[in-house]
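Right, one structure below, let's go through it.
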Amino acid sequence: MKIQSIALKVLILLGSAITTSGAVAQISSSIRFDAQTKIFRIDAAGITYAFGVNAQNQLQSIYWGPQIGRDDLLRGPAANAGVAAFDPSFTTTPLEYAGWGAGLFVEPALKISFPDGNRDLVLQYASHSIEGNKLTVTLRDTSRDLFVDVHYHVDEATGIIARSSSVINRTHEPLVIEQIAAASWNLSPGTDYFLRYLTGRWAGEDTLQHQKILPGETILESRRGSTGHQNNPWFAIERGEQTDEDFGEVWFGALAWSGSWRITVEQDQVRNIRINGGFNPFDFAYSLKPGEKLESPVFYGGYSKDGIGGASRLLHHFELSRVLPQAPNPRPRPVIYNSWEATKFAVNETGQEALAEKAARIGVERFVMDDGWFGQRKDDHAGLGDWYVNPQKFPNGFKPMIDKVHSLGMDFGLWVEPEMVNPDSDLYRKHPDWVLNFPGRARSESRNQLVLNLARRDVRDYVYKFLDQLLSENDIAFLKWDYNRNWSEPGWPAVGASSDEQKKVYVAYIENLYGILGELRAKHPRVEIESCSGGGGRVDLGILTLTDEVWPSDNTDPFDRLRIQDGFTYAYTPGVMVAWVTDSPNWVNNRTTSLNYRFLSSMQGSLGVGANLDTWGPADFETAKTLIAAYKQIRETVQHGSLYRLISPQGGSEYSATESVSIDKQQAVLFAFLHSSQMGYPFPQIRLRGLNPTTQYRVTPISGALAKETPAIASGSYWMRHGLEVNLKGDMQASAFKFEDNSAVHSSN
Ligand code: GLA
């Protein structure tokens, strides 16, 4: 059949485009609409995503997976037959974006109440537009001028599609949106799907869950006003029991929203697999006046045939090349020092300068002063909101200290927690109405603080102004932006008694947060920002469009960190994963580990040091100096390369190992960790992945030793097929090795 394509075909050549196999490929993407079959198809990076307009004028999902032949879709979609009287066609047909109406019993994408009491919404195809690698399909309700733009933006290098929706009220009356998804993703019916997702809590983030998808719905969500530690807005679905790190089909998605969110994964009554994600409908309402529009966040979705490892590598490359503020070429993360665990709130000029001197000696590039420097901040009971430099602690202001840090060859970073206020602060005494609250009700404190209502214009202006001033008056290269509690009593009394108006806080707050970050970045383009929320409570692809790195957990126990870091990498690149070396025994589990072990654990991500350097001896400084120097040789590979999780630390594993391979495959880095030897068994033979089979790689230890018979130089295929044996025995042992293209090593000598 001749495809009558009226779409635009884009061919984009990217010299260094990345595939999961690391190949440099000529990349093309296309979005086409076939007017005869009414099928849209998006092809990119070996993936096809197809949907069409069926006889009922609904937008029906057709296919998502490996690329299919150009002429393979011969017929337009036919709505599923219903099942008896109880499951009509509307509810059994997989729709791209379903309104709640006409007997829909599965999760709707959109649910609306009109002022006349009508709550029926049936969306039909109205028009579409294609512009390069972007497609917008406009849907309209069958009888009312309620329009939805369903957006698709495909990334030609990874095939990841950014989906979102906007609802436009073109009726003459206001209406209330009660539920709105960014996107619905549908997978073909089956009972052999498995779901992975991340759960956690403070100091215990990113635990990987893996379970069969059974009939019913699994809800991943935050009702907390922010992303939260409890679930992370990411999912992956594999088909079949045989899938693993490297093999099998995986569909994955990540929601770019830092407020209350929800992702549902549903196996419906006819075994369709449906995934919906967007604002959390719990306690949600958004009123739209005539002419107004609400835009959802972006929900990214991708597909890999190379197992969960392939899926995360795609996502990592996508984040680095498309999502991060410095994409497509983010600067490598500097080695930082952070004062928090060393000094807690007791920061002052002499103490910080003394730490800075020591940090510089070991090769730190950025010195970050944490909490305690502002207002009347002696502990966590007071000061938040009063962002002036504490004159007792810094009688000369910041200048001498920052100058000193610069003279030591480092840049300077500062901790802030802009969205919070302690009741014991000048700000709260002056503006008690600035916090989230329900009048006449208690204001529940957490960590002795309340949440400022950033949705308010005056609060937004205050926060922007003090941050802009701080950055304008001081030579600050970096902000650690913290957020140390979740919402309670989320009222916004200033907008009146209507709860529908007040509930806009869930959207308006986050929009203002993003607005402030965006404006600050535009005005201070060299300033980098870290997202922290009591550790990993605000890690998502929304905040990561505006921040350069995240703090994954307050848990700095280097053994616990292996599991947290492993979980983190399913969704996020190690290029944004900050990891500090802190003191031993660690406060979390009272566990004692060597400095070497702590360094190697932190070197899996963006290395930092948070130990109290005032207590270190000469040998500690020597170890730190050597390992920081070694890290600088491998950080490009660790932060921007392809990550292979060789042995997972999940589920209490005795061993773990990761490997990172640089994009040009000239360097690879292996980290291996042993919890405790048992029964004298050796560490399992490790087989590397992702190397160039014919390249000769020379191995050099960063720390630790290989079995005696290991060759110094061997081909990529030797390291990948025969593998190697690391010499690890004992308790809490770690080693790391660098593999380098031997010809490159020679030519650079
Ligand atoms: C949070 C952060 C910590 C530290 C403290 C300071 O808990 O996650 O790293 O900055 O706040 O109060």
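Each ligand, and each atom within it, is numbered from 1 in the order the structure gives. Only a predicted model underlies this, so the values are computations on that prediction, with no experimental measurement involved. Start at 1 with the first residue, then count along the sequence.
In this view, Ser472 and Asp468 satisfy the side chain to side chain donor-acceptor pair (under 3.5 Å) rule, not counting sequence neighbours. For Ser594, the side chain to side chain donor-acceptor pair (under 3.5 Å) criterion is met by no residue, not counting sequence neighbours. Among residues two or more places apart in sequence or in another chain, the side chain to side chain donor-acceptor pair (under 3.5 Å) test is passed with Glu622 by none.
The local environment of CZ in Arg441 is sparse, with at most 12 non-hydrogen atoms from other residues, nucleotides or ligands closer than 6.0 Å.
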Filter the ligand 1-protein atom pairs down to N or O on both sides and distance under 3.5 Å, then list them.
| unit_1 | atom_1 | unit_2 | atom_2 | d |
| --- | --- | --- | --- | --- |
| ligand 1 | 7 (O) | Asn484 | OD1 | 3.4 |
| ligand 1 | 7 (O) | Asp554 | OD2 | 2.9 |
| ligand 1 | 8 (O) | Gly535 | N | 3.1 |
| ligand 1 | 8 (O) | Asp554 | OD1 | 2.5 |
| ligand 1 | 8 (O) | Asp554 | OD2 | 3.2 |
| ligand 1 | 9 (O) | Lys480 | NZ | 2.7 |
| ligand 1 | 9 (O) | Asp554 | OD1 | 3.4 |
| ligand 1 | 10 (O) | Asp370 | OD1 | 2.6 |
| ligand 1 | 10 (O) | Asp370 | OD2 | 3.2 |
| ligand 1 | 10 (O) | Trp415 | NE1 | 3.0 |
| ligand 1 | 10 (O) | Lys480 | NZ | 3.0 |
| ligand 1 | 10 (O) | Asp482 | OD2 | 3.3 |
| ligand 1 | 11 (O) | Asp482 | OD2 | 2.9 |
| ligand 1 | 11 (O) | Asn484 | ND2 | 3.1 |
| ligand 1 | 12 (O) | Asp371 | OD2 | 2.6 |
| ligand 1 | 12 (O) | Arg447 | NH1 | 3.0 |
| ligand 1 | 12 (O) | Arg447 | NH2 | 3.0 |

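Here the options are Glu511, Glu519, Glu419, the test is salt bridge (Lys or Arg N to Asp or Glu O under 4.0 Å), and the partner is Arg460; only Glu519 passes. Each of Trp340, Phe478, Phe412 was scored for a side-chain contact (heavy atoms from CB on, under 4.5 Å) with Val368, with one residue passing: Phe478.
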